[in-house]
Structures are given as C-alpha cells and as structure tokens.
Amino acid sequence: MKKRLRKKYHKGEFKQEGFTILLQLNLTFSPSDLDNTIDTVFKVIQDHNCYGAGGGDEQFTTITIVPSKRRGTITEELKQSIVNQILLQTSAIKDLKAFPLRDCWYITDEELEKEHQLIQELKETQAI
C-alpha cells in the first residue's frame with residue numbers, strides 16, 4: 001500500500017491507538033467532589049494531548065481516550081502516565097481499570113462487544 005493510502009486509511013506508521021478506562025467512583029464523597037473528580041480526569045487527559053469521551057452513572061464512568069494529534073498514537077508509556085496521573089490527582093476514585101490499546105479507527109463489532117461485556121462483568125462484580 002502506498003504511503004498516501006496508508007495515511008488516508010490510518011494504517012502502518014499512521015495507525016492511531018487509544019484505550020478505554022472504567023472508573024468506579026467512591027459514593028461516600030459529595031456530588032460536587034465527584035463532579036470535580038471527573039473534571040480532573042478530563043484535564044489530565046487534555047494535558048497529555050488526548051481527547052476523552054464517555055459517560056456513566058453515579059457509580060461507574062467509562063471514558064475512551066484517543067490521541068488528539070493528527071499523526072500520533074497512544075503508547076503503553078503514555079497510557080500508564082495518564083492512568084498514574086489520574087490516580088495521583090483524584091481521591092474520589094475507588095477503582096480504575098484500563099483496557100488494552102486498540103485501533104481508534106477500525107474496531108470490529110466483535111472487539112467492541114467483547115470490551116462492552118468486560119465492562120458489564122466488572123460492574124457486576126464490583127457493585128456494592
């Protein structure tokens with residue numbers, strides 16, 4: 001495949017990877033503290049030149065993190081740095097689970113379903 005097509009289809013050296021995190025929030029904190037925690041998580045993500053999107057309920061929040069640079073990817077080192085900073089800067093997180101890196105542009109239905117099932121299983125086993 002030619003370089004122009006690899007770039008267009010985000011293949012080879014132009015592949016971009018991201019990951020998903022599952023946050024279990026500590027419900028003993030006030031709602032404003034929990035809101036501040038989510039704001040802090042998104043600030044950490046932005047400080048690492050990444051975008052984050054997600055949602056959840058009052059106990060669990062799922063956030064998918066992707067690189068913001070047009071020609072960049074998230075490495076294992078960057079992923080670990082993001083997770084460590086989130087844990088260091090927030091106190092209302094009871095548990096954080098980071099899923100493996102995956103292609104941001106081309107995820108199969110099977111991969112998406114598998115990740116969704118893992119999230120549901122974790123929610124059921126960690127629910128209070």
Side-chain angles (χ1 to χ4, degrees):
M1 184 180 284
K2 293 184 178 184
K3 183 177 179 179
R4 179 182 62 80
L5 292 174
R6 287 194 311 270
K7 184 175 181 181
K8 180 179 180 178
Y9 294 114
H10 304 279
K11 299 288 186 180
E13 68 269 31
F14 301 103
K15 182 177 181 180
Q16 291 181 307
E17 292 186 321
F19 67 102
T20 301
I21 58 174
L22 175 66
L23 303 172
Q24 183 179 12
L25 302 173
N26 191 342
L27 298 179
T28 60
F29 284 81
S30 70
S32 65
D33 288 338
L34 295 177
D35 288 341
N36 290 338
T37 296
I38 298 300
D39 291 342
T40 302
V41 169
F42 280 103
K43 180 164 180 6
V44 167
I45 292 169
Q46 287 178 341
D47 289 346
H48 284 85
N49 293 323
C50 296
Y51 292 128
D57 54 25
E58 67 274 352
Q59 187 177 4
F60 292 100
T61 300
T62 306
I63 301 171
T64 299
I65 302 167
V66 297
S68 62
K69 295 179 184 174
R70 185 89 174 126
R71 282 186 50 180
T73 190
I74 296 178
T75 61
E76 279 294 333
E77 294 80 23
L78 181 59
K79 173 185 165 186
Q80 197 58 46
S81 175
I82 292 170
V83 170
N84 290 341
Q85 285 297 313
I86 289 171
L87 292 174
L88 284 174
Q89 294 185 19
T90 58
S91 59
I93 294 178
K94 188 174 182 180
D95 192 26
L96 185 146
K97 169 71 175 152
F99 292 91
L101 290 173
R102 62 175 167 81
D103 194 322
C104 294
W105 291 90
Y106 301 103
I107 184 168
T108 63
D109 290 339
E110 293 82 22
E111 291 173 327
L112 189 61
E113 184 62 32
K114 182 179 177 183
E115 189 173 280
H116 180 70
Q117 286 176 348
L118 284 172
I119 290 170
Q120 290 302 324
E121 289 172 9
L122 283 170
K123 284 182 177 182
E124 291 170 4
T125 59
Q126 295 179 0
I128 297 175

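When a residue number appears, it is its place in the shown sequence, counting from 1.
In this structure Glu110 satisfies the side-chain contact (heavy atoms from CB on, under 4.5 Å) test together with Thr108, sequence neighbours excluded. With sequence neighbours left out, Ser81 forms a side chain to side chain donor-acceptor pair (under 3.5 Å) with His48. Scored by the side chain to side chain donor-acceptor pair (under 3.5 Å) test, Asn26 finds Thr28 as partners (sequence neighbours excluded). Applying the side-chain contact (heavy atoms from CB on, under 4.5 Å) test to Glu113 and every residue at least two apart in sequence or in another chain returns His116, Gln117. Remark: Asp47 engages Lys43 in a side-chain contact (heavy atoms from CB on, under 4.5 Å) (not counting sequence neighbours).
Within the 4.5 Å cutoff, side-chain heavy atoms of Lys3 are placed close to those of Phe14. Here the side chains of Ile86 and Ile21 are in contact, with some heavy-atom distance below 4.5 Å. The shortest side-chain heavy-atom distance between Ile93 and Val41 falls under the 4.5 Å cut-off.
Grouping the Ile, Leu, Val, Met, Phe, Trp and Tyr side chains by contacts below 4.5 angstrom, directly or via other members, places Ile63 with Leu101. Leu34 and Leu87 fall within a single hydrophobic cluster, where Ile, Leu, Val, Met, Phe, Trp and Tyr side chains are chained together by heavy-atom contacts under 4.5 Å. In this structure, Leu112 is not a member of the same hydrophobic cluster as Trp105, with clusters built from ILVMFWY side-chain heavy atoms closer than 4.5 Å. Taken together through direct or relayed side-chain contacts under 4.5 Å among Ile, Leu, Val, Met, Phe, Trp and Tyr, Leu96 and Val44 form part of one hydrophobic cluster.
The two atoms that bring Gly52 and Ile45 nearest to each other are N-CG2, 3.8 Å, heavy atoms only. When all heavy atoms of Met1 and Arg6 are compared, the pair lying nearest together is O-NH1, 2.6 Å. Of all the heavy atoms in Pro67 and Cys104, the pair that sits closest is CD-SG, 3.7 Å.
Within the structure, salt bridge (charged side-chain N to carboxylate O under 4.0 Å, His left out) pairs that include any residue of residues 96-108 comprise Arg102-Glu115 (at least two apart or interchain).
Taking CZ from Phe99 and NZ from Lys79, the interatomic distance works out to 9.5 Å, rounded to the nearest 0.5 Å. With values rounded to the nearest 0.5 angstrom, Phe19 atom CZ is found 7.0 Å from Leu78 atom CG. For the atom pair Lys114 NZ and Ile107 CD1, the distance stands at 11.0 Å (nearest 0.5 Å). Atoms CG and CZ, on Asp35 and Phe29 in that order, are 13.5 Å from each other to the nearest 0.5 Å. Separation of atoms CG (Leu22) and CD1 (Ile119) is listed at 6.0 Å; rounding is to 0.5 Å. Ile74 contributes atom CD1, which lies 5.0 Å from atom CD1 of Ile82 (distance to the nearest 0.5 angstrom).
In this structure, Ser68 contributes its side chain and Asn49 its backbone to a donor-acceptor pair below 3.5 Å. For Thr73 (side chain) and Glu17 (main-chain N/O), a donor-acceptor pair under 3.5 Å exists by modelled atom type.
Annotation: Tyr106, atom OH; neighbour count of heavy atoms from other residues, nucleotides and ligands within 6.0 Å is above 12.
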### Task
For side chain to side chain contact (heavy atoms under 4.5 Å, CB included), just list the numbers for Leu23 and Thr90, CA-CA rounded to whole Å, side-chain angles, deciding distance to a tenth of an Å, and then say yes or no.
CA-CA 11 Å; Leu23 303 172; Thr90 58; over 6 Å; no
